[in-house]
Structures are given as C-alpha cells and as structure tokens.
Amino acid sequence: LQPSGAPIVAMGASANGRRLAVGDSTGRVFLYSSQAGDTWGKLEVLRHPRDGSPATSRGSSRAAEASSHAHSSRACCVSLSPDGTSLLTGSRDALRLWSVEDAAGRCSLTGEEAGSGGRNDVVFCATWRDDNETLAFSRVHTDAVGSRASTVDTLVVTTVSDLRKNFARRTGSPSRVEPPSDAADVATFGRRLLRGHQDAVLCCAFSPHEWGRRERARSEGDAEDSGVLLMSGSKDGSVRLWDIGSLDCLAVLEGHSDAVTQVCCATERRTVMSASEDGSVRLWDADTCLCFSRLDIGAGDPVRFLASL
C-alpha cells in the first residue's frame with residue numbers, strides 16, 4: 001500500500017482483519033478494506049472540516065486538501081474499534097473519534113479531545129476494549145511552542161459517549177450522547193485518569209475478555225470490570241498493569257533499559273509482551289509479573305512494532 005508520498009508512521013487494523021487504517025507524517029489518515037484475494041482497496045481519506053466543508057469531501061485542490069487533513073501534524077496513532085465501525089486518531093493537536101458509516105467506508109468526525117488554555121495535548125497512543133465502547137489514550141501536555149509543561153503525563157480511560165459529548169459541547173452541535181450499553185460494563189459514565197509513569201506514555205492495550213479477573217484484584221463488592229487490565233508502556237522504560245475498576249496500579253514491570261514502544265498480550269497464556277527502543281522484546285507472566293523470556297532483536301536496533309497472533 002502506498003497511500004501518499006509521505007512516510008507511514010501509524011497503522012491499525014480491525015479485529016476481523018477486514019479494515020486497515022494508515023496514518024502518515026503529514027497528518028493524513030487513510031482507510032482501506034480487504035477485497036477479493038490479497039488486494040486492498042482504499043475506501044476513504046479522513047478529512048477534518050476546519051473550513052466548514054464536510055468531513056468526507058473529495059476532489060479539492062491540493063492546498064485545500066492539506067488544510068483539511070485528519071490532523072495538522074504527524075499522525076501519532078490510529079486505532080480501529082474491534083468491530084471496525086469506529087476509528088481513533090491521535091496527533092499533536094487532538095484525539096479524534098471517527099464513525100465509519102457504511103460499507104463504502106465514508107467517515108464522519110463525531111468526537112474529539114483537544115487541548116485548551118494555550119496547551120496542546122499530544123496523543124501518542126489510543127486503544128479499544130473489546131466492548132467497542134471503552135477506550136484509553138495517553139495525554140501529554142505541551143505549551144504553545146511545544147515545550148513539555150509541568151503537568152504529569154496521564155493515561156485516560158473514557159467512553160465513546162464521553163468523547164461525543166465533548167465534541168457536541170465544543171462545536172455547539174446537537175448532542176447524540178447515549179448511555180453506555182450493558183456490554184460496555186463501565187463502572188462510571190465519564191473518564192478516569194491513571195497517573196504513575198514518570199515520562200510520556202507511548203503505548204497501551206486492554207487485556208482480552210477471556211483473561212477474566214486477576215485473583216489479586218477480586219473481593220466482595222467489586223465493580224463488574226474490576227478484573228479488566230490496561231497495560232501501558234512509557235518512555236521511562238517501564239510497563240504498568242492497571243485495574244480499570246479500582247484504578248489501582250497492580251504492578252510495575254521493570255527491565256527494559258530504554259523507552260517501551262509497544263505492549264500487547266497473548267490470550268491463551270496470560271502473557272504480557274513489550275517491545276523497546278533497547279532492541280528487545282520481553283514476555284511477562286501476568287500473574288507473577290515476572291519476565292520469563294527475552295528476545296534480543298538485532299544489535300540493539302529499536303523495536304517499534306509488536307503484535308500477538
């Protein structure tokens with residue numbers, strides 16, 4: 001796939017493997033769908049309606065196209081919901097939620113989280129829980145000239161409904177907010193902030209539903225999602241495991257000597273996997289929180305992508 005002449009810097013696929021989102025270094029985001037055989041067809045170029053034009057407009061001039069990219073700068077992350085009907089994109093200007101409206105891939109901007117008060121919220125990563133409603137993203141505050149602010153780097157857990165409500169309030173458009181469905185099993189309608197990393201959170205991922213509750217997090221009266229884990233990797237070199245119901249940090253996994261760039265997990269063996277700029281991939285037991293395997297990839301070359309099959 002060669003969606004543009006700019007380098008591809010972010011990529012995400014739906015759980016069924018039928019849709020693929022790609023972001024480039026100029027802030028453009030492209031949506032693809034699998035076709036017959038091994039071919040992929042481009043469905044949509046996501047556009048931000050800054051000039052009042054529709055978010056899915058096509059055929060504009062090159063200048064107009066540049067002004068209506070999904071983001072005003074490099075796409076730091078793209079993440080399709082498990083069912084492929086929603087897409088999160090993050091950059092230096094905002095986190096944006098797009099709805100994929102039909103089989104043709106037409107997308108509309110329906111939610112947003114942007115900085116305020118002269119600050120930008122740099123969004124390095126975003127991920128979905130398997131209920132298609134709950135999501136998490138990192139937020140690092142910078143001032144108007146791009147310098148790090150004193151605000152602690154934050155991992156945010158929220159819902160699709162919350163992002164849509166924020167977008168409706170900011171734009172003055174009619175709110176289409178609905179309460180989370182029963183499947184979402186979100187303890188609080190709104191957002192939760194997880195703090196603890198000493199530097200930017202670069203990656204995050206939810207544990208699969210099949211993992212169930214961790215024994216150490218079980219107690220009478222727990223919220224229904226108290227056993228759901230969120231894994232996060234940071235520039236500080238650590239991986240943290242969070243319980244979404246209690247907001248507790250259950251464990252800090254230390255061993256990497258450089259920034260952690262990717263985290264994911266294996267469903268069958270309750271294993272957390274992490275990749276790092278130090279050139280290694282580590283496998284951690286989610287119950288004992290011990291590293292039981294280390295893979296050194298090349299001569300210290302950074303590992304920036306990791307996936308569980």
Side-chain angles (χ1 to χ4, degrees), residues 10-17 77 79-82 124-132 134-138 155 157 185 194 196-197 199-219 222 224-298 300-309:
M11 185 167 56
S14 60
N16 61 14
C77 62
S79 181
L80 274 160
S81 61
F124 285 114
C125 62
T127 190
W128 292 88
R129 191 176 165 190
D130 52 15
D131 60 10
N132 296 294
T134 312
L135 56 99
F137 64 95
S138 68
L155 192 59
V157 180
D185 105 353
L194 308 181
H197 282 294
D199 210 328
V201 177
L202 303 180
C203 52
C204 57
F206 283 102
S207 64
H209 176 73
E210 290 81 1
W211 275 22
R213 296 186 175 188
R214 288 177 59 91
E215 292 295 333
R216 61 192 295 182
R218 287 182 177 174
S219 63
D222 275 352
E224 290 185 23
D225 58 356
S226 62
V228 177
L229 296 185
L230 176 63
M231 300 157 283
S232 60
S234 169
K235 195 174 179 181
D236 64 16
S238 71
V239 175
R240 287 179 177 255
L241 306 183
W242 308 85
D243 183 276
I244 300 307
S246 66
L247 303 183
D248 291 336
C249 178
L250 301 178
V252 180
L253 312 183
E254 296 179 310
H256 286 294
S257 60
D258 209 332
V260 177
T261 55
Q262 286 288 319
V263 289
C264 63
C265 54
T267 300
E268 295 182 357
R269 193 183 166 178
R270 292 180 59 82
T271 299
V272 175
M273 294 174 281
S274 58
S276 171
E277 292 276 354
D278 66 12
S280 73
V281 173
R282 288 177 178 260
L283 279 65
W284 312 80
D285 186 293
D287 294 313
T288 65
C289 299
L290 297 176
C291 177
F292 64 86
S293 183
R294 170 177 172 165
L295 308 175
D296 290 308
I297 312 297
D301 294 330
V303 182
R304 296 196 174 99
F305 296 95
L306 183 67
S308 174
L309 300 178

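- Looking at residues two or more places apart in sequence or on another chain, you find no side-chain hydrogen bond (donor to acceptor under 3.5 Å, both in side chains) involving W128.
- Annotation for S207 and C265: closest pair CA-SG, 4.1 Å, computed over non-hydrogen atoms.
- Side chains of V201 and F137 form no contact here, defined as non-hydrogen atoms less than 4.5 Å apart.
- With sequence neighbours left out, S257 forms a side-chain contact (heavy atoms from CB on, under 4.5 Å) with D278.
- Residues N132 and P82 approach most closely at OD1-CD, 3.0 Å, considering heavy atoms.
- At least one side-chain heavy atom of L155 sits under 4.5 Å from a side-chain heavy atom of W242.
- Test S276, C264, S274 against L306 for side chain to side chain contact (heavy atoms under 4.5 Å, CB included) and you get one pass: C264.
- Under the 4.5 Å side-chain criterion, counting only non-hydrogen atoms from C-beta, T261 is not in contact with F305.
- For A10, the side-chain contact (heavy atoms from CB on, under 4.5 Å) partners are V78, not counting sequence neighbours.
- Atoms OG and CZ, from S280 and R294 in turn, are 4.5 Å apart once rounded to the nearest 0.5 Å.
- In this structure V303 satisfies the side-chain contact (heavy atoms from CB on, under 4.5 Å) test together with A275, V281, I297, sequence neighbours excluded.
- A donor-acceptor pair under 3.5 Å is formed between the side chain of R240 and the backbone N or O of G196.
- Under a 3.5 Å cut-off, the side chain of S232 and the backbone N or O of C204 do not form any donor-acceptor pair.
- Residues L290 and W284 are not in side-chain contact: their nearest non-hydrogen atoms beyond the backbone lie 4.5 Å or more apart.
- The side-chain contact (heavy atoms from CB on, under 4.5 Å) check on D236 picks up H197, Q198, D199, S234, S238, with sequence neighbours excluded.
- Under the 4.5 Å side-chain criterion, counting only non-hydrogen atoms from C-beta, V260 is not in contact with L202.
- Looking only at side-chain heavy atoms (C-beta outward), L194 and L230 come within less than 4.5 Å of each other.
- To the nearest 0.5 Å, atom SG of residue C289 and atom CG of residue L250 are 7.5 Å apart.
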Given salt bridge (charged side-chain N to carboxylate O under 4.0 Å, His left out), test E277 with K235 step by step and report yes or no. CA-CA 9 Å; E277 292 276 354; K235 195 174 179 181; over 6 Å; no
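- In this structure, D287 pairs ionically with R270, as a charged nitrogen and a carboxylate oxygen lie closer than 4.0 Å.
- Taking the side-chain hydrogen bond (donor to acceptor under 3.5 Å, both in side chains) definition, one finds that D258 meets it with nothing, sequence neighbours left out.
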